[in-house]
**Student:** 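I am attaching a structure below and will ask some questions about it afterwards.
Since we're looking at a predicted model, the values are computed, not measured.
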There are 2 protein chains.
Amino acid sequence: MNEASGSRPGGRSARVRASVHRAVEDLVAEGVRIEDLTIPVIAARAGVHATTVYRRWGSVAELLASVAEHRFTGDVVVPDTGSLGADLERWATDVARDLADPDTLALMRASIGAGETASCACTADRRTQIAAVLERETARGGDVPAVDAVVDGLLAPLYYSALFVPAHDDGPAPGDRVRALVGKLLGGDVLSAQALTP
Amino acid sequence: MNEASGSRPGGRSARVRASVHRAVEDLVAEGVRIEDLTIPVIAARAGVHATTVYRRWGSVAELLASVAEHRFTGDVVVPDTGSLGADLERWATDVARDLADPDTLALMRASIGAGETASCACTADRRTQIAAVLERETARGGDVPAVDAVVDGLLAPLYYSALFVPAHDDGPAPGDRVRALVGKLLGGDVLSAQALTP
DNA sequence: CGCCTGCGGCAAAGATCGCTGCGTTAGTAT
DNA sequence: ATACTAACGCAGCGATCTTTGCCGCAGGCG
């Protein structure tokens, strides 16, 4: 969002931030456990002095929140296929593909383990993406379910599967699963979906 | 599951294990942050020497996984109210109440952060509980949705909310939310729900 | 009843972490 | 171009964690 935030967004600060973020992603991707993911380790990998990391982020939890926020925002382009169903299907497919990446999943696990702030950073942008899709359909003149209904019907199952279902493939192929979820979400009359979360 | 595992399950070992587990639950319940939840602290609270904890569990992550495993299995009695809707509603309410507990949530966060194995341990028992509820309804002669459909429609939204929605109260009251989810799950014709996850 | 072994208690050493004061570098403004 | 200052590097300190070797107790077994 505001990569250039701070009172001095000049080259070096941005470089350091990028370097540290990259280091965190790499270390998590390499399977370093949360308790071993310490600031000196991160700083060493980033080629930055540990003091800098302590001063800028303070703790591993905040750093993970920062990384998660940047990792999980703005990387999905909201599609515009012309129909709500197709838009949702495409968007959910992108989300599912993202969650299928082991590195992404590892980062999310770490963020969830780091606390509520970092955890919420993983999904904050998803809601705005959903809202954008729904708003587009509204502009077309169609009825849309509530954002929370889409979260319950699409996002929650995808995240749940990613986190709690063992890696071995279960049931439907990824594409079929998304299709089925969207169909179920939109199949029920839209009114009840709207009334679900007042 | 096997509380008395190990080559010498005699009184003292079991006592120590129970004491340490209890200490972890208490500390987490008191709001001690994960990063402050260190082995010496746990050992002191449990009235056990830190060396013992290091030797038996090795790390905080493994200890938390162990606690979570015992915490998330077998503590929910599957209800039998006479109708599928009421059974599911009651069961889901129990689950939601459990997830609303800060200690339980903290334990789950830690387990998720610990990796896939510990993570799956949090929900493994839920599936069997759902299966039991559905089987009971089948014995009554009613049509039931697939277990995966119930997971998607009930369990996933509840877990998602617990993990990714900030603590501040959102939308509906806990009871209403569960009721709405169950209604939506059973409201759509059961056939489509069954076809969702073949 | 007495031996035996696994397991916990204990203390000390070693390692690591997180923090603080100060000098230096590199953006930024005039 | 020069001065200013925010941000980084550096070194060292104190505290805490983690490990290790040894001893003693208690629970199982003949």
**Student:** Nearest-nucleotide wise, let me know which of T38(A) and A50(B) is further upstream toward the 5' end of DNA chain C.
**Tutor:** A50(B)

**Student:** Looking only at side-chain atoms of P40(B), point me to the closest of dG6(C), dT18(D), dG27(C).
**Tutor:** dT18(D)

**Student:** Using whole Å, report how far CZ of R17(A) lies from P of dC8(D).
**Tutor:** 9 Å

**Student:** If I take atom NE2 in residue H49(A) and atom P in nucleotide dG18(C), what distance separates them, rounded to the nearest angstrom?
**Tutor:** 13 Å

**Student:** What's the CD1-P distance between I39(A) and dG18(C), to the nearest Å?
**Tutor:** 6 Å

**Student:** Given atom CD of E35(B) and atom C1' of dC17(C), what is their separation to the nearest angstrom?
**Tutor:** 13 Å

**Student:** Charged N to carboxylate O under 4.0 angstrom, D87(A) versus R140(A)?
**Tutor:** yes

**Student:** Judged by modelled atom types alone, do S161(A) and R177(A) share a side-chain donor-acceptor pair under 3.5 Å?
**Tutor:** yes

**Student:** Among dC8(D), dC10(C), dG24(D), which is the nearest nucleotide to the side chain of R55(A)?
**Tutor:** dC8(D)

**Student:** Where the side chain of R15(A) is concerned, which of dC17(D), dG8(C), dG27(C) is the nearest nucleotide?
**Tutor:** dG27(C)

**Student:** Quick one: do the R71(B) and T104(B) side chains pair a donor with an acceptor below 3.5 Å?
**Tutor:** yes

**Student:** When all nucleic acid strands are considered with a 4.0 Å heavy-atom cut-off, which category describes T51(B): base, sugar-phosphate, or nothing?
**Tutor:** base

**Student:** Closest heavy-atom contact between V95(A) and R126(A)?
**Tutor:** CG2-NH1, 3.9 Å

**Student:** Counting heavy atoms from C-beta on, name the nucleotide in dG27(D), dT25(C), dT19(D) closest to the side chain of Y54(B).
**Tutor:** dT19(D)

**Student:** If I take atom CG in residue D36(A) and atom P in nucleotide dA15(C), what distance separates them, rounded to the nearest angstrom?
**Tutor:** 18 Å

**Student:** In whole angstrom, give the distance that lies between atom CH2 of W57(B) and atom C1' of dT19(D).
**Tutor:** 18 Å

**Student:** Between atom CZ in R12(B) and atom P in dG24(D), what is the gap in whole Å?
**Tutor:** 14 Å

**Student:** Would you mind telling me which of dC17(C), dC8(D), dG6(C) lies closest to the side-chain atoms of R56(A)?
**Tutor:** dC8(D)

